[in-house]
Amino acid sequence: MKQSFVSDSNVLDQNFYDELLYIMGLRDRKDDKGIERLPESDRQSGSLIELVYKAFDSSDYRFNDEEQKFDYSVNIVSTWVNRILFLKLLEGQLIKFNNNNNKYKFMSNENLSNFNRLNELFFGVLAKPVDQRGSLAQEYEYVPYLNSSLFEKSVTESKLEIKPSDLSDDEELPLRKRSVLLDRVAKGTKTLPTLRYLLTFLDSYAFNTDGKSVNDNERLINASVLGLIFEKINGYKDGSFYTPGFVTSFMVQKAIDRSIIDKFRAEGFKVNSIADIAEITPENREKVLSVLRDFKVVDPAVGSGHFLVSALNYLVKLRAMLRLLPAKIRMDVNIEIENDELVTVMCDDETYFTYSRGSEMRQSIQETLFKTKLDIIEHNLFGVDINQNSVNITRLRLWIELLKNSYYEEDGNLRTMPNLEMNVKAGNSVVFKYALDRNLGDVTAHTNLTVTEFKELVQKYRNTDNKVAKSEINKSIKCFKNQIINGILDKGDRTKLRNLNQQRNELQNGMLLFETKHEHAKREKQIKKLDEKIAVKEARLKEISDAPLFANSFEWRFEFPEALNVNGTFTGFDLVVANPPYIGMQGHKNIFESVAKTDFGAKWSHGKIDFSYYFIHLAINLLNKNGSLAFITTNYWLTATDGAFLRNDLISRTHLTDLLNFKELKIFSSALGQHNVITFGTKADYSGEVRTLVTSETGSANSDIFKRIVEGKNSNTDYGLVPQIDLQDQSTGYFVLDSASRDKSLADLIIKLQNKKTLLSYAEKPKLGLTTGSNKIFIWEKAAVEAISMTDYERSLFKPLINGSSLTTVTEKDLPDSYVMYIDHAVDEKKIPNLLKWIKSQPAYEKLMKRRKGISGRIRSFELWRPREQWIFESKSTIYFQKREITPRFTLNTQGYYLKDDSYAITLNQTYRGYEKYTNVILAVLNSTITHFWLVKLGRKKGKVLELYPQVLVTIPMPNVELIKETDIIELDDAINSGRLLDVADRFAVKWFDLEMEDISIMNKYILDNQ
């Protein structure tokens, strides 16, 4: 009987990863946002990154700065390491295919004794067909030609003219303290030559493509674990998060089923399940296969290609389920998915299938699996990523999946790999010039290829193993795309430019025989106007053609011809699936601005959004009329004020089928601050309700707990079904997923509260505290203020400051946390000589100067960046609160303390300012259960933490303060002064809002269940 051999592909072999990073000369960053070079004190001259740095120092290439040099160095090292890891998998396969014959072991220290030998292996052996290897052919007679562009020089290698043989063989690398090599090298060995260290290290592990381990005591490295490592190393700069296999497998299977069923319905088949499709297959085999081959999945943020690999595995299984594999194969094997791995099981003895040469049956099974995978990769799977390294890794992972089922052909050569450049491409998915609805029909009439011929050319490119032919085909493809671009411009701006030039020529050559002086002046004036228009249009055309904005754009309109019909119309994809980058606007302004300048970006750039929003809008655009989407993102957009456009777009252009909110349960182990939601939707007709899920589970997810949750079997998860029309809260537009929030008694309570006045009825919109621009200069401890010699006037500029973290009570503590040097535009610099001298002597001053260089307006280098109005801080009727709180607390500014921008200040509006009793009423309501409930129900949350933004604060219900009885005012004032406000706030709120204490209990239960 078979024993489950597939290891959990979501688990990183930490020891392997750590030592590999050590050999590379890198380490994980402490903030879990990628990798970095080791600190100078820990660097080893024999590590790969330091060897590359040394090689760069001997080259003629000059880098712009150290960051660029590091980027290129990591690019080069990771490219070489990726190749070597792939070759270890290849080596393992060759040995296994040939009955464990070690003559197929070519990645040994004996073969690769120095970096020059590694260079020969890359470019003299693997990059060339066997008959072109010259003297190396005999030496590497068992190493096949794979036709993989992995062994063509990368753009970076060519640009920098660097190769492995440029690295020094003289350097040695000390053994890592916890090295796996300690029991594999001679006793007393302390260092090894770098390449020998790397190869010996890799030989300490069993490399296997499918997860099987020959011996129980072997350390196994399979394709999925390598995929995780690839993404961690290659996503070093953008902090990519590797999506666990149990997530990708669940998402693609669920989304593919939905999309495939809709696709068959669109073809006229009356089916409601995959089982229904299986029933119609025997009588419609060719049609069913045709529909499946036309099915197109795209990941616009492909990363390491994990979603595409999971999709590949499931589509292979789906073909087996639908009995589309040859009958003999169906009788011999069962195809299953275990832990996101495709496994093949022999029917006769339930052992796992293995391929070995000499068995006709096993040869047939292996060929069928390879050709099925190849057909799916070429016709069904597409991906885009802005990071060329990620693109390379995705191609590599798909090659690995094919390598699992590669086979020896009749001529004794291993089956070559396809060219995947046409399926997985580099570019910025959300930046493009040409809209998807741009008509190409008449444009392609002026090119040298039809769309059908374009598709055929792309397919020919995929399958050629002749590099010269490949180059020629690529030229033809580029020429065709350039002709399309020129044609599009001709239809638009260039047509207008031609018309303007024609008008100008007519005026220039249309001088009348007896033209008067007035007529001549009029004609010259018209020519001048046309010249100005022509200049503007020519500049615009040049801007479009040469703009840096579009230097890395991805033109969805024609990059994937599979998404075009014969007339050149963009028909779209059947499924868009992704884990897009989670990037906030803070610190990434330039990235957002570049997208916002495009027509697509301008439409969706509203407020403080996350970069992932663009990808969801894009997905809806890319889908065909029956297409589906599946995304895993942060869950903030569900209740973010500036997520309104995204929510409305999803509601208006798709039918949402599932919204699964994982809240505090960590899906990504390397992104502990993230809270995730999985979203499924379709453009096809869908009359069902939206399935909602909100889990209260915490900790890190694993496959077992995740499975129980998504299958509806977890007792700590709230499950619901809601019509899409009822998904949004009417007052805020937020998506309400928890069933408790849709409870009628709760809804009635909210309506009752909404019928009251709001905070905005009495107060201004909350204002942020002051921004210093440099805390090191402007924030002082009391002892420091007293120690500096200064005038009385200068000393008067130091104002008591309270930190946001100290706002834990309803009145301020007796002593401030520190003092802020309050210098605004009104301060005369002649009156602060001592402070100026001190400021300019500080190391932080130079940095402050650089930040303010070129800033418009009058902000002197020694002023606070945003000082705010002083009366806000000095009024004892001002109420303070932190930006983020688990339990919201609002503090009365009883001491006249100043406040920084980690907190907000509430001040009464002009009508009510000066009435302290009204401030006290507002303070009581803000510190009551009503406000806490309101913020949990309608505010924005990050896990358990409430984000107290003004947009929601101003909607907090308030009673009519003018109707509050004087006895209540007196009692309230006494409660504040005696520190008892929190004890009586709910009692006052119940009275003023005409509620019952039972209502408070309902609110408290909701808070407990939902925060």
Side-chain angles (χ1 to χ4, degrees), residues 294 296-302 379 381-386 391 421-459 461 474 476-495 540-541 543-547 549-576 578 594-604 614-625 627 629 653 683:
D294 186 54
K296 293 176 287 292
V297 182
V298 67
D299 183 344
V302 77
H379 291 92
L381 305 181
F382 303 89
V384 180
D385 202 284
I386 195 171
V391 169
E421 292 91 329
M422 295 297 142
N423 289 68
V424 186
K425 301 187 175 188
N428 189 339
S429 289
V430 294
V431 172
F432 43 89
K433 297 179 190 177
Y434 311 115
L436 298 178
D437 58 359
R438 195 73 175 261
N439 181 19
L440 292 188
D442 54 348
V443 173
T444 55
H446 300 289
T447 65
N448 60 359
L449 290 174
T450 64
V451 172
T452 300
E453 289 169 335
F454 181 26
K455 291 182 179 183
E456 291 171 352
L457 200 60
V458 167
Q459 186 59 30
Y461 180 93
N474 196 34
S476 297
I477 292 171
K478 286 183 178 179
C479 178
F480 179 69
K481 289 192 288 190
N482 286 334
Q483 288 173 338
I484 289 177
I485 291 170
N486 290 332
I488 290 173
L489 291 175
D490 280 341
K491 286 174 62 62
D493 289 332
R494 286 189 177 166
T495 300
R540 172 64 180 152
L541 280 171
E543 180 185 330
I544 290 173
S545 299
D546 303 337
L549 172 64
F550 296 108
N552 202 26
S553 64
F554 188 80
E555 300 307 331
W556 291 97
R557 183 64 186 83
F558 47 77
E559 279 293 344
F560 291 125
E562 294 79 5
L564 308 178
N565 66 13
V566 293
N567 298 317
T569 302
F570 184 84
T571 54
F573 296 88
D574 297 285
L575 173 61
V576 181
S594 65
V595 180
K597 289 176 182 176
T598 67
D599 292 340
F600 164 77
K603 185 175 182 180
W604 304 115
Y614 290 126
F615 282 84
I616 302 177
H617 292 300
L618 173 69
I620 300 173
N621 290 354
L622 293 177
L623 290 174
N624 61 36
K625 61 182 180 180
L629 61 82
R653 292 203 288 156
K683 277 189 173 181

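To the nearest 0.5 Å, atom OH of residue Tyr434 and atom OG of residue Ser553 are 8.0 Å apart. Here OG1 of Thr571 is found 7.5 Å from CG of Asp294. Values are rounded to the nearest 0.5 Å. A distance of 10.5 Å separates CH2 of Trp556 from CZ of Phe382, quoted to the nearest 0.5 Å. In this structure, CG in Asn621 is found 9.0 Å from CG in Asp437, a value given to the nearest 0.5 Å. Atom-to-atom distance recorded for Glu562:CD and Gln459:CD is 8.0 Å, nearest 0.5 angstrom. Between atom CZ of residue Phe454 and atom NZ of residue Lys481 there is a gap of 6.0 Å, rounded to the nearest 0.5 Å.
By the 4.5 Å heavy-atom criterion applied to side chains, Phe615 and Val430 are counted as neighbours. The shortest distance between side-chain heavy atoms of Met422 and Asn474 falls below 4.5 Å. Looking at heavy atoms from C-beta onward, Leu623 lies in side-chain contact with Leu629 at the 4.5 angstrom threshold. By the 4.5 Å heavy-atom criterion applied to side chains, Val566 and Val451 are not counted as neighbours.
Between Pro300 and Ser429, the shortest heavy-atom distance links the atoms O-OG, 2.6 Å. Minimum interatomic distance between Leu436 and Phe570 (heavy atoms only, all atoms of both residues): O-CB, 3.4 Å. Considering all non-hydrogen atoms of both residues, Lys683 and Arg653 come closest at CG-O, 3.7 Å. Summarising the geometry of Thr450 relative to Phe480, their closest heavy-atom pair is O-CZ, 4.3 Å, with the distance given to 0.1 Å. Here the closest heavy-atom approach between residue Asp299 and residue Ala578 is recorded as OD1-CB, 3.5 Å. Here the closest heavy-atom approach between residue Tyr614 and residue Phe600 is recorded as O-CZ, 3.4 Å.
Taking the six-membered ring for Trp, Phe560 and Phe554 have ring centres closer than 6.0 Å.
Asp385 places no side-chain N or O within 3.5 Å of a backbone atom of Val391 that could act as its donor or acceptor partner. In this structure, Asp574 contributes its side chain and Lys296 its backbone to a donor-acceptor pair below 3.5 Å. Side chain of Glu555 to main chain of Lys433: a donor-acceptor pair is present (N/O by atom type, distance under 3.5 Å, no hydrogens or angles). For the pair Asn567 (side chain) and Thr569 (backbone), a donor-acceptor distance under 3.5 Å is absent.
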